[in-house]
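Only one structure is covered here, and it is reproduced in the block below.
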Amino acid sequence: MLHHTVLRVIAKLLVPVILLFALYVQFHGEYSPGGGFQAGVIFASGIILYALVFGLDDTMRALPPGVLKILSASGVLLYAGVGLDTLLLGGNYLDYDWLADSPTHGQHLGIFLVELGVGITVASTMLLLYYAFTGREQGQ
Amino acid sequence: MRFLQLYNYEIAIFLAMVGLYIVVSRGNLVKKIAGLSMFQTSVFILYISMGVVDGGSVPILTEGVTRYSNPLPHVLILTAIVVGVATTAVALSLVIRINEAYGTVEEDEVHQQDESF
Amino acid sequence: MSLDHAIDILLLAFMAVIALAVVRLRDLFGVAMLFSVFSLLSAGVFTIMDAADVAFTEAAVGAGISTILMLATLTRTAREEKPNVSRNPALPLIVVSITGAMLVFGTSDIPRFGDPQAPVHQHVAPRYIEDSPSEIGIPNMVTSVLASYRGYDTLGETTVIFTAGVAVMALLGMRRTRRRNGQRKDTD
């Protein structure tokens, strides 16, 4: 892919926009279509575009698989941790009403954290899948 | 007219059956997975079709809109799509491992090699 | 018949044609490409049916990530599907036809497409639509149902995705960052 000048220039322009859009979808998901699942896959596809054009090695140096492994587990832990937190605060598991002074504030905070956890897990798992599939040496 | 009223459901059934046909009749494992994914997409279409309400709008609270489509199928399918790609990835990685072990992804040839042991 | 309905019919007809093409095609690379188109069309159908969130996800997942994973698999396996000689083509066709006919028979008395009086819209959904703006306080009902009312579900789904990632890594392993030009080369 080293010689495709047009591809490289366009990808360089597009990748930051895609990543920014993913963050918008993640954090604006309460007011417009979006949320953790969508943001996660959009973020991952932005990075995958980079990896397709500039090569897997550079991408792996920027986002090492080890870091992604930790991230994909920590997203699930963040989600489960929010539930545990509400349990400790006196409510039911994943009952966000207890997280803040008023129920709607608590719901806001809870949904924000939970969607963040989903987004982190989805994005890092999708990238790990891509790494695992393309990083493997030619079979046989 | 009844056919047009149920058009979405009929197409969903058609796609599901094409997917099932690919799974049953083709020996290539990658193609089988493609058939399964097609079956999966047909179920997504079935669910989302059920959530539609005449004259309804996207289920996001908007001034002056009183009729919304059913948000529940959207939630179920939204998560199912992402889970679907994750499970498809597991299936595809199994195919890669089968190819490494047997040198082929055709079901018949894999069976032949198993029997000749 | 509204414009929405006409677009819906057209897109679904395209999808049916693509499905038949996937059955006929032996070139698996072509199958992967057709599948990408298939997903994009279904994302369009979801948009027409007011499911913006779902369309978003399907466009990113179906047309993007799953196509790339399928292509990556094809580079490591065969590109062409071999013609199968041992299989009888008639038997699956009969099975599929009977199953399809029974399903069509089963749908014959379900409520028509878009019926506001359909049973699906009578039970849980009205509560989500009416109460979620005051109970949860955010406008997007899909998000509030996903993350709050059905938080357990979503926790489970997230765990499934994580587990699938672990399973793929257990099956395929993970290459170290700088090893491709090193010692592995001579084993090829």
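Bear in mind that the values here come from a model prediction, so they are computed numbers and not experimental data. Order of the sequence lines fixes the chain letters, A, B, ..., with proteins taken first and strands second; residue numbering starts at 1 for each chain.
- Of the possible polar contacts, one joining the C:Arg76 side chain to the C:Ala72 backbone as a donor-acceptor pair under 3.5 Å is found.
- Under the 3.5 Å distance criterion, the side-chain polar atoms of B:Lys31 are left unmatched by any main-chain donor or acceptor of C:Leu28.
- For a residue to count as touching a neighbouring chain, one of its non-hydrogen atoms must lie under 4.5 Å from one of that chain's; by this rule C:Ile138 does not touch chain B.
- For B:Tyr21, the parts sitting under 4.5 Å from any heavy atom of chain C are the backbone and the side chain alike.
- Side-chain polar atoms of B:Asn70 and C:Tyr128 form no donor-acceptor pair below 3.5 angstrom.
- In this structure, chain C has heavy atoms under 4.5 Å from both the backbone and the side chain of B:Ile45.
- C:Pro111 touches chain B through its backbone: at least one of N, CA, C or O sits under 4.5 Å from a heavy atom, while the side chain does not.
- Of the options C:Asp153, C:Thr154, C:Asn140, a side chain to side chain contact (heavy atoms under 4.5 Å, CB included) to C:Leu146 is made by C:Thr154 and by none of the others.
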Going through the checks in order, is the side-chain contact (heavy atoms from CB on, under 4.5 Å) test met by C:Gln117 and C:Gln122?
-> CA-CA 7 Å; C:Gln117 300 305 318; C:Gln122 307 308 315; 4.3 Å; yes
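- Looking at C:Ser66, both its backbone and its side chain come within 4.5 Å of chain B, counting heavy atoms on both sides.
- Ranked by heavy-atom pairs shorter than 4.5 Å toward chain B, the options C:Ser108, C:Gly165, C:Ala55, C:Ser97 are led by C:Ser108.
- The residue among C:Ala52, C:Ala16, C:Ala167 with the most heavy atom pairs within less than 4.5 Å of chain B is C:Ala16.
- Judged purely by atom type and a 3.5 angstrom limit, C:Thr107 uses its side chain to pair as donor or acceptor with the backbone of C:Val104.
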Stepwise, does the side-chain contact (heavy atoms from CB on, under 4.5 Å) test hold for B:Phe44 with C:Ser42?
-> CA-CA 9 Å; B:Phe44 298 160; C:Ser42 70; over 6 Å; no
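- The choice from B:Leu78, B:Ile33, B:Thr87, B:Leu76 that makes the most heavy-atom pairs within less than 4.5 Å of chain C is B:Leu78.
- Interface remark: C:Val31 contributes side-chain atoms only to the contact with chain B (heavy atom separation under 4.5 Å).
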Evaluate the criterion side-chain contact (heavy atoms from CB on, under 4.5 Å) for residue pair C:Thr67 and C:Met33; output intermediate values, then yes/no.
-> CA-CA 7 Å; C:Thr67 308; C:Met33 288 293 110; 4.1 Å; yes
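- In this structure, B:Gln113 contributes its side chain and B:Tyr102 its backbone to a donor-acceptor pair below 3.5 Å.
- Annotation: maximal heavy-atom pairing with chain B below 4.5 Å, among C:Ser132, C:Ala19, C:Gly100, C:Ser39, occurs at C:Ala19.
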Take C:Ile18 and C:Met15 through the test side-chain contact (heavy atoms from CB on, under 4.5 Å) and record every step on the way to the result.
-> CA-CA 5 Å; C:Ile18 288 178; C:Met15 289 177 74; 5.7 Å; no
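- Both the backbone and the side chain of B:Tyr68 come within less than 4.5 Å of a heavy atom of chain C.
- Contact of B:Ile13 with chain C is made through the side chain alone, with heavy-atom distances under 4.5 Å.
- In this structure, chain B has no heavy atom under 4.5 Å from any part of C:Leu34.
- One finds the CG atom of B:Leu46 at 9.5 Å from the CG atom of C:Leu103 (value rounded to the nearest 0.5 Å).
- Only the backbone of C:Glu80 comes within less than 4.5 Å of a heavy atom in chain B; its side chain stays farther off.
- Per-residue heavy-atom pair counts under 4.5 Å with chain B were compared for C:Asp50, C:Asp4, C:Leu25, and the maximum is reached by C:Asp50.
- Contact count against chain C (heavy-atom pairs under 4.5 Å) is highest for B:Asn8 among B:Asn8, B:Val23, B:Ile77, B:Leu72.
- In this structure, chain C has a heavy atom under 4.5 Å from the side chain of B:Val105, while its backbone stays farther away.
- Listed for the C:Thr57 side chain is a donor-acceptor partner under 3.5 Å among the backbone atoms of C:Asp53.
- For the set C:Thr47, C:Val61, C:Ile110, the count of heavy-atom pairs under 4.5 angstrom toward chain B peaks at C:Ile110.
- Within the 3.5 Å criterion, the main-chain N or O of B:Thr104 finds no donor-acceptor partner in the side chain of C:Thr77.
- For the residue pair B:Gly84 and B:Gln40, the shortest heavy atom distance occurs at CA-NE2, 3.2 Å.
- Looking at C:Val160, only its side chain comes within 4.5 Å of chain B, counting heavy atoms on both sides.
- Heavy-atom distances place no part of C:Ala118 under 4.5 Å from chain B, backbone and side chain included.
- Among C:Val124, C:Val45, C:Asp8, C:Asp115, the residue making the largest number of heavy-atom pairs under 4.5 Å with chain B is C:Asp8.
- The residue among B:Val85, B:Ile48, B:Val30, B:Ile96 with the most heavy atom pairs within less than 4.5 Å of chain C is B:Ile48.
- Considering only heavy-atom pairs separated by less than 4.5 Å from chain C, the leading option among B:Ile98, B:Val82, B:Leu29, B:Thr62 is B:Val82.
- Of the two parts of B:Ile22, only the side chain, counted from C-beta on, holds a non-hydrogen atom closer than 4.5 Å to a non-hydrogen atom of chain C.
- For C:Ala13, the parts lying near chain B are the backbone and the side chain together; criterion is any non-hydrogen pair under 4.5 Å.
- The backbone N or O of C:Tyr152 lies less than 3.5 Å from no partner atom in the side chain of C:Glu157, so there is not a single donor-acceptor pair.
- Note on B:Arg67, B:Arg26, B:Glu107, B:Glu10: by heavy-atom pairs under 4.5 Å with chain C, the leading option is B:Arg26.
- For chain B, no part of C:Ser144 is nearby; none of its heavy atoms comes within less than 4.5 Å.
- Counting non-hydrogen atoms of neighbouring residues, nucleotides and ligands closer than 6.0 angstrom, the OH atom of B:Tyr47 reaches no more than 12 such neighbours.
- Among B:Leu20, B:Thr88, B:Val95, B:Thr41, the residue making the largest number of heavy-atom pairs under 4.5 Å with chain C is B:Thr41.
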